[in-house]
Amino acid sequence: MKALVTGGAGFIGSHLCDYLVANGHEVTVLDDLSTGSMANLHQLDGAIRFVHGSILDQDRVEECVRGQDTVFHLAAAVGVHTIVDRPLESLRTNLTGTENVVEAAVRHGARFTVASTSEVYGKNDSPGLREDADRVLGSPLKSRWSYAAAKGLDELLAYVHGQKSGLPCVILRFFNVVGPRQTGRYGMVVPRFVAQALEDAPITVYGDGTQRRCFGSVFDVVPAIVALLDTPTAHHRAVNLGGVEEVSIKGLADRVRELANSRSEVSFVPYTEAYGPGYEDMQRRMPDISLATELIGYQPEYDLDRIITSIIEARPAGTPSTRIPATP
Ligand code: UDP
């Protein structure tokens, strides 16, 4: 197939490109390199077409979508720090950008996926969130919730356009997907802890570290993205993707320190120092992945230790210091 990957120079996008190329597909990437990097694609030099541009640029989007069979829409403003520090740009990218991409896909008859997030469940911290779980909305005036608000609307856009056009489309709800190439610069905890541990620098646990997450490997998630779009019973649905092994953030720090053979100490950083005043962290976020299992036989193969090890091993030796402050 001919596929466009928006955000293909980003973390999940670049792994998706690897997978698509390895499976013989013709890949175009549209990326503005705002958070992604060409370094994520260097292994695909000559194997893909790269277009440098923004999803806010309608002409560029049009040019990239024309002639494609499939659009994987992964371009977005991501990371808590990005959302909190640049609320307006983030909203524009995540709302208008998605509208541009989805409308172009429909115009050109391309099937499409839209990347969404566990954040759409909002403050719902029940264990085993199913796709039909209620959203518990945070205040629209707290920029921390703007990502959830925008992604919720993206889902609706994709859903309504998919229904109306009859084109196959899938909404992907990613739960803390991690792996090599993810940067810690915009907040994500695992690459931050790994970088800190490898430098024997303090591991910055925000709050008291009792908050829990389930981390999913990008290597498990990427094949599922493609499989879902190839599965008619998955069309016009939102599907959770991630892992189900729950760990506290303090527990994560300990695992990373041990697996990296590190002398780092754990340093507890108050939320206000990390994110500014009034930040509402989620105490727990755990998916129910039985829908993905039912639809495509999704069964994560990477447990937490293997995920952490894959990230440690992918860090090239002699990487210059990337010491990340608690408040970038
Ligand atoms: N976190 C942390 N130290 C860091 C970065 C993040 O303790 O250096 C915490 C963060 O407060 C949250 C968890 O790790 O409780 C996961 O954060 P991330 O931004 O990776 O994902 P999300 O909050 O979207 O689940």
Side-chain angles (χ1 to χ4, degrees), residues 10-12 35 76-85 90 94 115-125 127 129 138 142-152 173-179 181-199 201-218 240-257 260 262 264-287 304 307-308 311 322-328:
F11 158 54
I12 300 179
T35 54
V78 293
V80 178
H81 290 298
T82 311
I83 309 305
V84 171
D85 296 344
S90 303
N94 294 344
S116 185
T117 163
S118 57
E119 279 279 302
V120 295
Y121 295 102
K123 292 185 180 185
N124 187 342
D125 62 1
L129 288 162
K142 286 194 174 156
S143 59
R144 182 254 177 281
W145 293 111
S146 71
Y147 182 63
K151 283 290 179 181
R173 286 193 186 148
F174 295 134
F175 278 71
N176 294 88
V177 177
V178 299
R181 299 183 199 154
Q182 187 178 39
T183 167
R185 206 170 302 138
Y186 309 104
M188 285 72 161
V189 66
V190 176
R192 291 172 62 85
F193 282 8
V194 168
Q196 290 162 340
L198 290 176
E199 290 169 11
I203 298 185
T204 56
V205 170
Y206 296 165
D208 63 6
T210 58
Q211 70 272 35
R212 283 171 287 174
R213 294 293 186 274
C214 295
F215 296 96
S217 170
V218 72
N240 292 338
L241 287 176
V244 285
E245 184 184 347
E246 206 181 22
V247 64
S248 73
I249 295 304
K250 168 67 169 63
L252 173 72
D254 293 339
R255 287 312 296 146
V256 170
R257 193 171 46 173
S262 166
S264 291
E265 313 236 305
V266 170
S267 146
F268 290 93
V269 179
Y271 279 120
T272 37
E273 218 174 278
Y275 296 121
Y279 183 79
E280 296 173 306
D281 196 13
M282 288 303 300
Q283 189 57 26
R284 189 172 202 192
R285 190 149 267 163
M286 180 188 197
L304 184 65
I307 290 175
I308 295 169
I311 298 169
T322 51
R323 192 154 175 171
I324 303 159
T327 47

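Numbering of ligands and ligand atoms starts at 1, following listing order. Please read all numbers here as calculations on a predicted model, not as lab measurements. Positions are given from 1 along the sequence.
- Under 4.0 angstrom from ligand 1, the non-hydrogen atoms of Ile249 all belong to its side chain.
- Taking CZ of Arg284 as the reference point, atom OG1 of Thr210 lies at 11.5 Å (rounded to 0.5 Å).
- Selection from Tyr271, Tyr275, Tyr279 by nearest heavy atom to atom 10 (C) of ligand 1 gives Tyr275.
- Salt-bridge annotation for Glu280 and Lys123: present, with a side-chain N of the basic residue lying under 4.0 Å from a carboxylate O of the acidic one.
- With a heavy-atom cut-off of 4.0 Å, Thr204 touches ligand 1 through backbone and side chain alike.
- Considering backbone and side-chain N/O of Arg192, one or more are found under 3.5 Å from N/O of ligand 1.
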Step-by-step side-chain contact (heavy atoms from CB on, under 4.5 Å) determination, Met282 to Gln211: CA-CA 7 Å; Met282 288 303 300; Gln211 70 272 35; over 6 Å; no
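- Counting the atoms of ligand 1 from 1 in the order shown, those under 4.0 Å from a heavy atom of Val205 are 7 (O).
- Counting heavy atoms closer than 4.0 Å to ligand 1, residue Arg285 contributes nothing at all.
- Inspection of the Asn94 and Tyr147 side chains reveals no N or O donor paired with an N or O acceptor under 3.5 Å.
- Distances below 4.0 Å separate heavy atoms of Phe193 from the following atoms of ligand 1: 3 (N), 4 (C), 7 (O), 8 (O).
- The residues Glu265 and Arg257 are annotated as not salt-bridged, no charged nitrogen and carboxylate oxygen being separated by less than 4.0 angstrom.
- Residues satisfying the ring pair (Phe, Tyr, Trp, His ring centres under 6.0 Å) criterion with Phe193, sequence neighbours excluded, are absent altogether.
- Counting heavy atoms closer than 4.0 Å to ligand 1, residue Asn176 contributes side-chain atoms (C-beta onward) but none from N, CA, C or O.
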